[in-house]
Amino acid sequence: MLVATWNVNSVVARLPRLLDWLRETAPDVLCLQETKVVNDGFPSAQVAELGYQVAAHGDGRWNGVAILSRVGLADVAEELPGDPGYPTADVLEARSIAATCGPLRIRSVYVPNGREPGHDHYAYKLAWLSALRSAVSAEVATADGPFAVMGDFNIAPTDDDVFDPAFYATFTHVTPPERAALAALRELGLHDVMPRALKHDTPFTYWDYRAGMFHKNMGMRIDLVYGNQSFADAVEDAYVDRNARKGTGPSDHAPVVVKVAI
DNA sequence: ATGTCCACAACATGTGGA
C-alpha cells in the first residue's frame, strides 16, 4: 500500500495539482489537511473519477481535513472527544477525521498552529494535543492491525527538523511543551516514520511562501506520520515529495508518502 | 537576483490566518 499525507492549503485552489499528483503517485490512501471547504463543496466527483472515495470534515474558510481512499472507507469518525474548541469550548474546528481503509485504521489531523507562545491559541494547541493523545491512546489499545495518525502537526520534533533553530527560537512549533506533546504520542507506542528527502538531506515538508524560502530550503519537518508497531514494521520506504512544492500554484507543504507492506 | 497565498465579503481592496 501507498499511504500519504498532504496539507494542500485549500483543496479547491489546489484541485488541478491534486488531481495531477493523484494520477502520478497513485496513493491508496491520502490524508488531506487545510481543505478549507465545507463538505458540500469538496470536489468529490473529480477524485471519484480517479477511483477515490472521500470522507471529508470541513468548516468552510479555515481548517478542514479529509481522507481519500481507493481501498475502502468505513467507520468514519469526525469527532475528537475532549476537543477544547476555539475560542470557546462550544466552537469546534474541523481538525481531525478517522477512517478504516481496508486493513488500515488511519487518522488525518491538522493540529492548531498556536500563533505565538503565550497566546490563547497556543494554550488551545496544547489542550487539543492532549485530547488527541486520549483519542489515539484508545485507538492504539484497540487496534489489532496497522494504525497511523498523520498530518500537519505544526511541530518540528527536534532541532534537526528545522533549517535553523535560531530562526525559530521565539516562535511556536519548536517549544518544549509542543515537543513534549509529540513525545507523549510516541509513548503510546507510536513511531515517527522518518521520510527521506529527495534533495538536500533535509526531509522538510513545509516552506513558507514568503521570501523564497523553498528555493533556499529554509523549511521545517512538521508533517508527520506516527504509526503503531504493526504499521512501522511494514514500512518499506518513505519520502517527502518536494516536487509537489515546485512550479505554479503549489501548496506551502509537500506530501509525505509512505510505502507499507500491508 | 528576486521572492506569499488563500478565502471571504463585496465588487476594490482590506482582513485574518498561516
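Every chain is numbered from 1, with letters handed out A, B, ... down the list of sequences.
The residue from L2(A), D20(A), L30(A) that alone fulfils the side-chain contact (heavy atoms from CB on, under 4.5 Å) condition with T25(A) is L2(A).
Checked against dC6(B), dT4(B), dA18(B), the side chain of Y209(A) finds its nearest nucleotide in dT4(B). Distance from the side chain of S10(A) is smallest to dC6(B) among dA18(B), dT4(B), dC6(B). In this structure, of dG3(B), dA18(B), dG17(B), it is dA18(B) that holds the atom nearest to the side chain of R210(A).
At a threshold of 4.5 Å between side-chain heavy atoms, the hydrophobic network of Ile, Leu, Val, Met, Phe, Trp and Tyr places M1(A) and V193(A) in one connected group. When hydrophobic clusters are built by joining Ile, Leu, Val, Met, Phe, Trp and Tyr residues whose side-chain heavy atoms come closer than 4.5 Å, directly or via intermediates, F167(A) is grouped together with Y206(A). L32(A) and V225(A) end up in different hydrophobic clusters when Ile, Leu, Val, Met, Phe, Trp and Tyr side chains are linked at under 4.5 Å.
The closest side-chain donor-acceptor pair between S230(A) and N228(A), if any, does not fall under 3.5 angstrom. R115(A) and T172(A) form no side-chain donor-acceptor contact under 3.5 Å, judged by distance and modelled atom types alone.
With both ends at atom C1', the span from dT15(B) to dA10(B) equals 12 Å, rounded to whole Å. To the nearest whole angstrom, the two C1' atoms, one in dA7(B) and one in dC11(B), are 15 Å apart. For dT2(B) and dC6(B), the P atoms lie 24 Å apart once the distance is rounded to whole Å.
One atom, CD of Q33(A), and another, C1' of dA18(B), lie 14 Å apart when rounded to the nearest Å. In this structure, the CH2 atom of W62(A) is 7 Å from the P atom of dA18(B), given to the nearest Å. When rounded to the nearest whole Å, the span between CG of N154(A) and P of dG17(B) equals 15 Å. Rounded to whole angstrom, the span from the CH2 atom of W207(A) across to the P atom of dA18(B) amounts to 20 Å. Going from atom CG of N113(A) over to atom P of dC6(B) covers 18 Å, rounded to whole Å. Rounded to a whole Å, the CG atom of N63(A) is 14 Å from the P atom of dA7(B). To the nearest angstrom, P of dT4(B) lies 16 Å from CZ of R14(A). For Y122(A) and dA18(B), the OH to P distance is 15 Å, given to the nearest whole Å.
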Enumerate donor-acceptor pairs with a distance under 3.5 Å from any side-chain N or O in residues 141-156 of chain A to protein atoms, sequence neighbours excluded.
unit_1  : atom_1 : unit_2  : atom_2 : d
T142(A) : OG1    : A138(A) : O      : 3.0
T142(A) : OG1    : E139(A) : O      : 3.3
D152(A) : OD1    : N154(A) : N      : 3.0
D152(A) : OD2    : N7(A)   : ND2    : 2.9
N154(A) : OD1    : H173(A) : NE2    : 2.9
N154(A) : ND2    : V111(A) : O      : 2.8

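When the nearest nucleotides of DNA chain B are assigned to G60(A) and N7(A) by heavy-atom distance, the more 5′-ward of the two goes with G60(A). Remark on DNA chain B: of its neighbouring residues D252(A) and V12(A), the 5'-side contact belongs to V12(A), judged by nearest-heavy-atom nucleotide.
For Y168(A) and F163(A), the distance between ring centers is under 6.0 angstrom.
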Using a cutoff of under 3.5 Å, can you pull out all pairs of nitrogen or oxygen atoms linking the protein to nucleotides 10-15 of chain B, with atom names and distances?
unit_1  : atom_1 : unit_2 : atom_2 : d
dT15(B) : O2     : R61(A) : NH2    : 3.4

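In DNA chain B, consecutive stretches of 3 or more Watson-Crick or G-U wobble pairs with both distances under 3.5 Å are given as paired ranges: B:4-9 with B:13-18.
R179(A) has no carboxylate O lying under 4.0 Å from a charged side-chain N of D161(A), or vice versa, which leaves the two without a salt bridge.
In this structure, D164(A) places its CG atom where more than 12 heavy-atom neighbours from other residues, nucleotides or ligands lie under 6.0 Å away.
At the heavy-atom level, Y110(A) lies under 4.0 Å from the strands shown only through sugar-phosphate atoms.
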